[in-house]
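Structure first, then comments.
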Amino acid sequence: MARGERSEEAWAWYSAVYEAIQEIPHGRVTSYGHIARLVGKPECPRQVGVCLKHLPSPSTDPSKKSSTWHSGNVPWQRVLNARGGISPRGPDGASRQASALRAEGVEVEQNSMREYTVDLSKYGWFPDMLPSEAGQVESSDDEDEEAAAYHT
DNA sequence: CTCTTGACGAGGT
DNA sequence: AACCTCGCCAAGA
């Protein structure tokens with residue numbers, strides 16, 4: 001199976017990841033690992049990065065059919081590593097992500113190693129599961145981290 | 001076709 | 001606390 005073209009399996013993986021990322025509220029951030037967990041592959045945070053790497057640009061290319069997902073409708077900038085930092089990858093990539101985050105009110109700091117970081121305790125978004133899929137919300141007693149970062 | 005490489009992360013040394 | 005290893009799996013080379 002999966003020999004015709006991009007296997008449907010891979011497609012499904014990408015879709016799930018992009019959809020999960022779209023669930024991240026404006027002005028909040030989460031980690032690759034968390035997205036991986038949300039889509040049922042807690043051991044594959046790496047693959048989440050792969051998805052973003054291949055995220056199409058929103059570039060209005062007439063010859064190209066409109067991709068369902070692109071950097072224009074997928075808040076890729078809200079995905080950071082587990083430490084709340086923006087991974088180095090490209091020299092300009094990190095700064096671009098930092099700008100995008102700041103543009104939506106997220107405070108992005110820069111440590112001595114010129115690495116951008118975000119305070120996860122303040123902007124982190126780590127629900128147990130996707131709000132869209134959460135049929136039941138276990139209203140426990142301690143869920144105040146959500147309220148910690150409201151008000152822009 | 002095989003081999004290496006990652007927008008990562010947890011666990012072990 | 002720094003560094004090493006493994007898991008995972010799609011893409012490039």
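Note on naming: letters A, B, ... go to the chains in the order of the sequence lines (proteins, then strands), and numbering restarts at 1 for each one.
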Whether A/Glu107 and A/Arg102 form a salt bridge (side-chain N of Lys/Arg under 4.0 Å from carboxylate O of Asp/Glu) is what I want to check. no

Does B/dC8 have its OP1 or OP2 closer than 4.0 Å to a side-chain nitrogen or oxygen of A/Ser87? yes

Closest nucleotide of DNA chain C for A/His54 versus for A/Cys44: which of these residues is on the 5' side? A/Cys44

Could you tell me how far B/dT4 sits from C/dT5 if I compare only their P atoms? Round to whole Å. 16 Å

Rounded distance in Å between the P positions of B/dC1 and C/dC8: 23 Å

Give the rounded distance in Å between these two atoms: [atom1] of [X] and [atom2] of [N].
X        : N      : atom1 : atom2 : result
A/Glu43  : C/dA10 : CD    : P     : 16 Å
A/Gln47  : B/dT5  : CD    : P     : 16 Å
A/Arg46  : B/dT4  : CZ    : C1'   : 11 Å
A/Arg37  : B/dA10 : CZ    : C1'   : 12 Å
A/Leu120 : B/dC8  : CG    : P     : 15 Å
A/Trp76  : B/dC8  : CH2   : C1'   : 17 Å
A/Lys53  : C/dA10 : NZ    : C1'   : 9 Å
A/Leu52  : C/dC9  : CG    : P     : 18 Å

Quick check on DNA chain B: between A/Val50 and A/Arg83, whose nearest nucleotide comes earlier from the 5' end? A/Val50

Residue pair A/Arg78, A/Glu23: steps toward the salt bridge (Lys or Arg N to Asp or Glu O under 4.0 Å) verdict: CA-CA 10 Å; A/Arg78 297 176 197 154; A/Glu23 297 292 327; over 6 Å; no

From the options B/dA7, C/dA11, C/dC9, select the nucleotide whose nearest atom is closest to the side chain of A/Tyr14. C/dA11

Answer with yes or no whether the side chains of A/Tyr116 and A/Gln97 bring together a donor and an acceptor at under 3.5 Å. no

For A/Glu109, the salt bridge (Lys or Arg N to Asp or Glu O under 4.0 Å) test, sequence neighbours excluded, returns none

Residues which pass side-chain contact (heavy atoms from CB on, under 4.5 Å) with A/Glu43, listed by chain and number, not counting sequence neighbours: none

